[in-house]
Amino acid sequence: MPPRKTSRPPPYAARNNSTLPIPPALKNLLRRDKLRLVVVGILGFLTVLWLLGRTGNDGGSAAQKATTPVPKIPKVAIGSGPPVVIVTVIDGKADPTWAAKIKKNREDYAKKHGYLTFFPTNTQYPTGTSPLSWSKVPALRHAMTLFPGSTYFWFLDSTALIMNQALDLQSHLLAPAKLEKLMIVNEPVVPPDSVIKTFGNLKGDRIDFIVTQDKEGLTATSMVVRNGEWAKYFLDAWFDPIYRSYNFQRAEIHALEHIVQWHGTILAKLALVPQNLLNAYGSGPAHAKYGTFKEGDLVANFPACARDNKCADEMKPFFDILDGKSTGSN
Amino acid sequence: MSRSPSPRPGGWSSPGLNTAYDSGGRNSPFANGGSQNVTWAAAQARSAEVKGYPGFAPRNQGFLGRHFRKISTSLPFSYGEKEKLGRGRYQGNKFVQILNRIAWNLWRLRKILGPVLLILLTYTLFYVTPLHRVYRRSSWFGGGNKFVIILAANQGGGVMEWKGPREWAIERDSVKNKKKYTQKWGYDLEIVDMSTKKRYAHEWRESWEKVDTIRNAMRKYPHAEWFWWLDTNTFIMEPTYSLQKHIFNSLNAVTYRDINVFNPLNITHPLTEEYLDVETRSPIGDGKVDSINMLVPQDCSGFNLGSFFVRRSVWTDRLLDIWWDPVGYEQKHMEWEHKEQDALEYMYKNQPWIRPHVAFLHQRKINSFPPGACGDKGDDPHIHYKEKDRDFLVNMAGCEWGRDCWAEMYNYRQLSNRLNRNPWEKLKDWISDSIKQHKAMRNTNKEEKKG
């Protein structure tokens, strides 16, 4: 016999005695007419996820599948360190007192403006059988390795002296706006009549390589390279053994002129500036218009002195001026 | 109301009785509006006028006349049917009944079947119309417009060599193969004429056009990212592999950047000079996918540029610029018999900036060799095509030096077709094959019995 129905029905329907307490909001959702909406919503959401997954696929999931461990390369932002590093390659066989004076000249200047200096020797790089003057190229690359946070790397040959210690290289030349005004456009790269001329429509902030021209052509005794991927490309291409073994008459200088003229990606990053701004000559084949050293120029260079081994003699009057100045100012 | 005709001639007409008896088959007597004054006698006389015909014309002549009712009642939408339902009367034959029931059931299930049919229809429409190509090409969905295949045609032809019918056939096959593949996946195909041009002949740089060609393609397809160079003597064996799925979705997993994994040239790697930065000295660059700008396979003798990828990037721009250099050419052109291939190897060895951005692909991923190239046996698991593994592409490298290019191309084309049959073709082939086999068995059995 079934149990008798009570004659007093409860005022409300009995609670559903399921073990899982379902909140009424969810119960409402699960009602049939709304169920369809929910299912469509879920499907739509999954579709969106799938589409997003597809577009983000190329980078994300592939990186996870990498088989080889990713090496830890310290990421130093360019520009986070001192702005300029002065690089001078010292001849190991040179007179040590003279070398010390050269170093001091750079160090004084660097200290004054918050720059750094780097003095490698010319034999520490694998130049092989090619002339030791090639060592400036790996030296620059080496400086970039050691000071990855710096922006500009100024190679200044040991035959040159910084004469105007007060002149800040960055504001005087390297600032993009300033550089854009100073650079010489549409100038034959190799004087007097090379067909290849410097580009006319370059922006100052796109320049990675600042160089000057003397009477004979480009100079590689005082130049500025900006840190970055392009610098690696440029320096490595320049240092290619194929050029070192080619017996260019003036070794790395001719090699430089060669790659600048044959490769547009190098010329497009090059700015030619008046010689006296970066590399005025105290003696030697200076540029006719603005090559010879005058009072107030940043640098006095004696490009031929090393070959004749009389740098100390040639530089003596200039050292005297410098010493007088520094004692005078103190 | 009396249905008898009027006793008086010329009296009122009596509809339904005094017209000619069903002269027009199923004509309704009411339609005969003109004959108001028809009498019995007149009608008799008129029917007698029709010579040769009996006075009685049978009704329901002709097929429709005879079967119309049967057909109309058996039609599923007949309204008469409803009336008859369940009265045990005739309901059409069995077959029609079954059809009827199926149709009724389908109609009942229309809410479920409708969407299914719609999905099937859209699916077929998607693949029958060029819609799927648009989908695969779009950068948002398929991303096919990121890839360009550069196919070198006419290699070494032009002023240097005359092309015979075989060469034409090879070229035609090769082009057709790539066209089909690029169309299928929404890639672009750039066919370039590599015939030795005067322009290069006087500049001492015959067959160095690869660089200029890639540059032109980069200019022509400004939205593409990866450029795949292919020589003429190549054949895509598996057109169902998309480049994305085959290589680029898992670029880090399918490539190796440390050349020591497979190093036929014995290149010293990684570089150790202390003046180089950490990334350049690292065996795998920075190890990130984004820094890969070039994908090169290696065969038994080093890099192989018969099939390789470059990515549009500043790095690639620099590489293409520095690749050909007159000083290098002057010193090495006697030594570099593979021209840009040797030049690239040389640069990889000597210019450190290149290494962190080159990744190597296993040869058989994009550039399997047939037997005859890199060993006559064709059993090197690194290099030679294997049917079982369904290698992607065959490069008949060096077939012009003493091997039969056309025969190789033909064989691989046939093989590719056979491997990529659809299920229907497979079934047909299976049947014909088994019949043939059966016959052959029988013949051998007979011969055995005879012997």
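We name chains A, B, ... by the order of the sequence lines, and we start the count at 1 in each one. Because the structure is a prediction, the values reported are computed rather than measured.
In terms of non-hydrogen atom pairs under 4.5 Å with chain B, the most contact-rich of A:D240, A:L146, A:I73 is A:D240. Of the listed residues B:V327, B:L320, B:N350, the one with more heavy-atom pairs under 4.5 angstrom with chain A than any other is B:V327. Interface remark: of the candidates B:V278, B:T280, B:V254, B:T280 forms the most heavy-atom pairs closer than 4.5 Å to chain A. Between chain B and the residues A:I266, A:T145, A:D236, the largest count of heavy-atom pairs under 4.5 Å involves A:D236. Looking only at heavy-atom pairs under 4.5 Å with chain B, the residue among A:F239, A:Y243, A:Y125 that has the most is A:Y243.
Judged by a 6.0 Å distance limit and a 45° cone about the ring axis, B:R355 is positioned over the six-membered ring of B:Y348.
From B:K288, atom NZ reaches atom CG of B:N252 across 11.0 Å, with rounding to the nearest 0.5 Å. Taken to the nearest 0.5 Å, the CD1 atom of A:I242 stands 11.0 Å off from the CZ atom of A:R244. Of the inter-residue distances, the one linking A:F153 atom CZ with A:F147 atom CZ reads 7.5 Å to the nearest 0.5 angstrom.
With a 4.5 Å cut-off on side-chain heavy atoms, A:H263 and B:D325 count as touching.
With a 4.5 angstrom heavy-atom cutoff, B:Y256 does not touch chain A via any of its atoms. For B:E274, the parts lying near chain A are the backbone and the side chain together; criterion is any non-hydrogen pair under 4.5 Å. The contact between B:Q331 and chain A is made entirely by side chain atoms (from C-beta outward), counting heavy-atom distances below 4.5 Å. Only the side chain of A:F248 comes within less than 4.5 Å of a heavy atom of chain B; its backbone N, CA, C and O stay farther away. Residue B:I354 does not touch chain A at all, counting heavy-atom pairs closer than 4.5 Å. Proximity to chain B is limited to the side chain of A:P126, based on heavy atoms less than 4.5 angstrom apart.
Relative orientation of the A:W230 and A:Y233 rings is perpendicular, given thresholds of 30° and 60° on the angle between their planes. Between B:Y346 and B:W336, the ring-plane angle classifies as tilted under the 30° and 60° cut-offs.
Salt bridge absent: B:D317 and B:R312 never bring a charged side-chain N and a carboxylate O closer than 4.0 Å.
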